[in-house]
Amino acid sequence: MKAVKLQTTTLSGTDGPHLLILGGVHGDEFESMAAIRRLRDRVDPDALQGRLTLIPVVNEAAYRRGQRTSEDGLDLARTCPGNPTGSITERIACAVSQKIEEANYLIDLHSGGIAMHCYPLAGYMLHPDTAVLEAQRRMARVFNLPIVWGTSSHLDGRTLSVARDARIPAIYTEWMGGGQCDPQGVTRYMEGCLNVMAELGMIDRPRPVSRIEYFVEDAREHSGHLQLNYPAPFSGFFEPAVRLKDRVKPGDLLGVVTDPLGDRREEVRSVQSGIVLCLRVYNRILEGESAAAVLEG
Ligand SMILES: [Zn+2]
């Protein structure tokens with residue numbers, strides 16, 4: 001069994017913290033990959049305090065297929081800390097988990113992938129250690145996306161779970177998706193990473209003017225588990241009835257799933273009050289796949 005070697009760039013400056021930035025944990029999330037390459041060209045090692053480790057495409061096996069997951073079908077963000085002698089995703093999970101444990105801070109950049117759009121957010125786990133939690137709040141705030149979202153610390157299998165267990169402050173981000181690589185997302189991701197580096201004392205950079213619109217902390221058990229939300233009642237064609245960031249309340253129509261002739265038609269209605277955080281944009285949907293997610297509040 002061949003161990004996985006992640007394609008990694010390391011920029012080393014003087015003494016300081018070690019920040020790890022991950023992209024492409026899912027193989028169809030492109031802003032992260034482009035942003036990390038731009039960040040590498042932007043950061044001057046001579047002006048860097050600390051060490052920056054960059055992995056633009058963590059899940060190369062999935063990226064080569066142009067899919068969220070590799071051929072074993074496992075979600076890398078549910079497979080950490082993995083298994084060195086397991087399937088390809090389990091071995092990638094093992095390799096990336098080792099990288100996380102070597103770092104002092106983690107940023108994991110995501111997007112909605114081919115199937116979904118997500119309103120831009122920076123998220124973190126509500127860590128029981130207040131020093132870790134406070135560092136995560138600072139990182140998420142200065143990353144400066146519209147939503148800052150703290151969620152349950154009980155979710156496992158993620159890069160953030162590995163960081164949680166090692167008490168390494170960690171955030172993840174989302175930016176749109178739909179199989180695009182939004183240039184604005186690339187810029188905002190690169191700037192967000194630079195803002196976090198400045199917050200950690202790694203570079204000099206003025207604090208940004210805040211663009212945060214919502215700050216939500218939700219400690220409920222499954223908060224932050226986006227894939228559980230609004231599963232399709234059967235495999236069919238999903239037509240959304242809302243747009244991203246629309247405000248909804250219980251009973252509001254989120255969309256409709258139909259069969260090929262439109263004879264069978266089932267509505268997906270909100271059971272929450274809040275804003276539409278994620279919305280399916282790839283209309284073909286399989287039974288149980290998420291049609292949308294609502295950020296409560
Ligand atoms: Zn992702």
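Predicted, not measured: the structure shown is a model, and the values here were computed from it. Counting starts at 1 for both ligands and their atoms, following the listed order.
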Check all N, O or S atoms of H26 and name the one closest to the Zn ion (ligand 1).
ND1
Closest non-hydrogen atom pair, I88 against A61
CG1-CB, 3.7 Å
Using atom types as modelled and distance alone, determine if a side-chain donor or acceptor of Q7 lies under 3.5 Å from a backbone N or O of V57.
no
Does a salt bridge link R51 with E102, judged by any charged N lying under 4.0 Å from a carboxylate O?
no
Distance under 6.0 Å and angle within 45° of the ring axis: does R264 meet both against F234?
yes
For the Zn ion (ligand 1), what is the closest N, O or S atom on H110?
ND1
Under 2.8 Å from the Zn ion (ligand 1), is there an N/O/S atom belonging to E174?
no
